[in-house]
Undergrad: 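First the structure, which I've put down as structure tokens, then a few questions once you've had a look.
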There are 2 protein chains.
Amino acid sequence: MLQINERSLLPIYEQIVNQMKELIVKGVLREGDKVPSVRELSATLLINPNTVAKSYQELERQGVIATARGKGTFVCKPAASPGMERERGEQLREQLRRLIVEARHLGLTRESFAALIGEETERYWGESDADRSELK
Amino acid sequence: MLQINERSLLPIYEQIVNQMKELIVKGVLREGDKVPSVRELSATLLINPNTVAKSYQELERQGVIATARGKGTFVCKPAASPGMERERGEQLREQLRRLIVEARHLGLTRESFAALIGEETERYWGESDADRSELK
DNA sequence: TTATGTGTACTATGTTAAGTGATACACTAA
DNA sequence: TTAGTGTATCACTTAACATAGTACACATAA
């Protein structure tokens, strides 16, 4: 379900956060689904339970999942807190600007950049309901 | 010309790299222009010369600037090395994917996302020749 | 009740990267 | 020579990251 790249520059807990959000966007994980427990996921990925816990806490902070003591952790309905949305909206804009700067330095034309956007947008917005075979 | 945010999560040297590339894309810095010396910029920004040197070395690695001992550092013509382009092209795609995942988690529709792209693209591709008043 | 599986909290430790500070070297141009 | 470049190399501090071990609080089922 998840895969950790030891050689990545990204911290493990961030890799988990990113991949979990990607699975949700792809429809592999849906609202109300239970995600693996801290101990289970740590055993699967061969990492420390504390690292998994840190990932879940970050995901909960972002309003992506909700935890219930003794029960488990579950995917939330997409309802970001109002204050959070503004903050992350600005981050999104900033990320986009850096993306454009990179694209220009790579020599992309405005047209080829638009084509790239179109490709990837289609992948993530086109087929909202992916097959859930990855659930194991 | 440049501005460092001490509280940013980004390392100082990366902030310099990003902002320098942004100035070039905006046309404030152009091919052949001399950029501030390591010691001068470190004095202006109140940071260590080593940190500035690290930024310049990274920018040179990316083919953005060229350094000449005893002379100074200058903006290159946009000619990325062939191997570099493929590597960074993949990074660009990966950044774009994460951007889209973020956008969906923020609740953006496909239309509002496209609008955001359009806005920012216009800012960086629209007016290629910005006024150079920032040069001081 | 007991047993098990949840998330959480805490302390401690080792590794790595980032940044600083100081010094020295090599090159260029006036 | 003198001054201004980029570069190199130390040592040091700080913070982030991941790990390890232990313990606590809660929910559920036997």
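Basis for what follows: all heavy atoms, side chains included, without hydrogens, waters or symmetry-related copies. Chain A is the first sequence line, chain B the second, and so forth, proteins listed ahead of strands; every chain is numbered from 1.
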Undergrad: Quick one: are B:Thr73 and B:Leu59 in side-chain contact, heavy atoms under 4.5 Å?
TA: no
Undergrad: Nearest whole angstrom, please: distance from the C1' of D:dC17 to the CD1 of A:Ile16.
TA: 13 Å
Undergrad: Starting at atom CZ of A:Phe74, determine the distance to atom P of C:dT6, rounded to an integer number of angstrom.
TA: 10 Å
Undergrad: Between A:Arg110 and B:Glu122, does at least one N-O distance fall below 4.0 Å, as a salt bridge requires?
TA: yes
Undergrad: Of A:Gln15 and B:Pro49, whose nearest nucleotide on DNA chain D comes first from the 5' end?
TA: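 The residue mapped nearer the 5' terminus is B:Pro49.
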Undergrad: Figure out the CG/C1' separation between A:Leu10 and D:dA16, and round it to whole Å.
TA: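 It is 14 Å, rounded to the nearest whole Å.
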Undergrad: Check the pair A:Arg97 / B:Glu22 against salt bridge (charged side-chain N to carboxylate O under 4.0 Å, His left out), numbers first and verdict last.
TA: CA-CA 9 Å; A:Arg97 286 176 188 167; B:Glu22 192 157 339; over 6 Å; no
Undergrad: What is the separation between atom CD on B:Glu58 and atom P on D:dG6, rounded to the nearest whole Å?
TA: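 Value for this atom pair: 17 Å.
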Undergrad: Report the C-alpha separation of B:Asn18 and B:Leu10 in whole Å, then their side-chain angles, then the decisive distance to 0.1 Å, and conclude whether the side-chain contact (heavy atoms from CB on, under 4.5 Å) test is met.
TA: CA-CA 10 Å; B:Asn18 290 340; B:Leu10 280 179; 3.8 Å; yes
Undergrad: Should A:Lys54 be listed as having a side-chain N or O under 4.0 Å from OP1 or OP2 of D:dA18?
TA: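 No, A:Lys54 has no side-chain N/O under 4.0 Å of OP1/OP2 on D:dA18.
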Undergrad: Measuring to OP1 and OP2 of D:dG6, would you say a side-chain N or O of B:Thr73 lies under 4.0 angstrom away?
TA: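 Affirmative; the distance criterion is met.
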Undergrad: Starting at the 5' end of nucleotides 21-30 of chain D, put B wherever the base has a protein heavy atom under 4.0 Å, S where only the sugar-phosphate does, and a dash everywhere else.
TA: B-B-SBSS--
Undergrad: Where the side chain of A:Thr51 is concerned, which of C:dT8, D:dG6, D:dT19 is the nearest nucleotide?
TA: D:dT19
Undergrad: Tell me the interatomic distance from B:Lys34, atom NZ, to C:dA29, atom C1', rounded to whole angstroms.
TA: 12 Å
Undergrad: Report the distance from atom CG of B:Leu41 to atom P of D:dT7, rounded to the nearest whole Å.
TA: 14 Å
Undergrad: Nearest-Å distance, CG (B:Leu45) to P (C:dG19)?
TA: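 Taking atom P of C:dG19 as the reference, CG of B:Leu45 is at 13 Å.
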Undergrad: Can you tell which of C:dT8, D:dT19, D:dC17 lies closest to the side chain of A:Glu60?
TA: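 In terms of side-chain proximity for A:Glu60, the closest of C:dT8, D:dT19, D:dC17 is C:dT8.
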Undergrad: Does A:Arg69 have any side-chain contact (heavy atoms from CB on, under 4.5 Å) partners at least two apart in sequence or in another chain, and if so, which?
TA: none
Undergrad: Given D:dA18, is OP1 or OP2 found less than 4.0 Å from the side-chain N or O atoms of A:Tyr13?
TA: no
Undergrad: Would you say that B:Gln15 contacts B:Ser8 through its side chain, given a criterion of any heavy-atom pair below 4.5 Å between the two side chains?
TA: yes
Undergrad: Side chains of B:Ile12 and B:Ile16: does their closest heavy-atom pair fall under 4.5 Å?
TA: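 A side-chain contact under 4.5 Å exists here.
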Undergrad: Calculate the interatomic distance between A:Asn5 atom CG and D:dA18 atom P; express it in whole Å.
TA: 12 Å
Undergrad: Quick one: is D:dT5 close enough that its OP1 or OP2 comes under 4.0 Å of any side-chain N or O from B:Thr67?
TA: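 No, outside the criterion.
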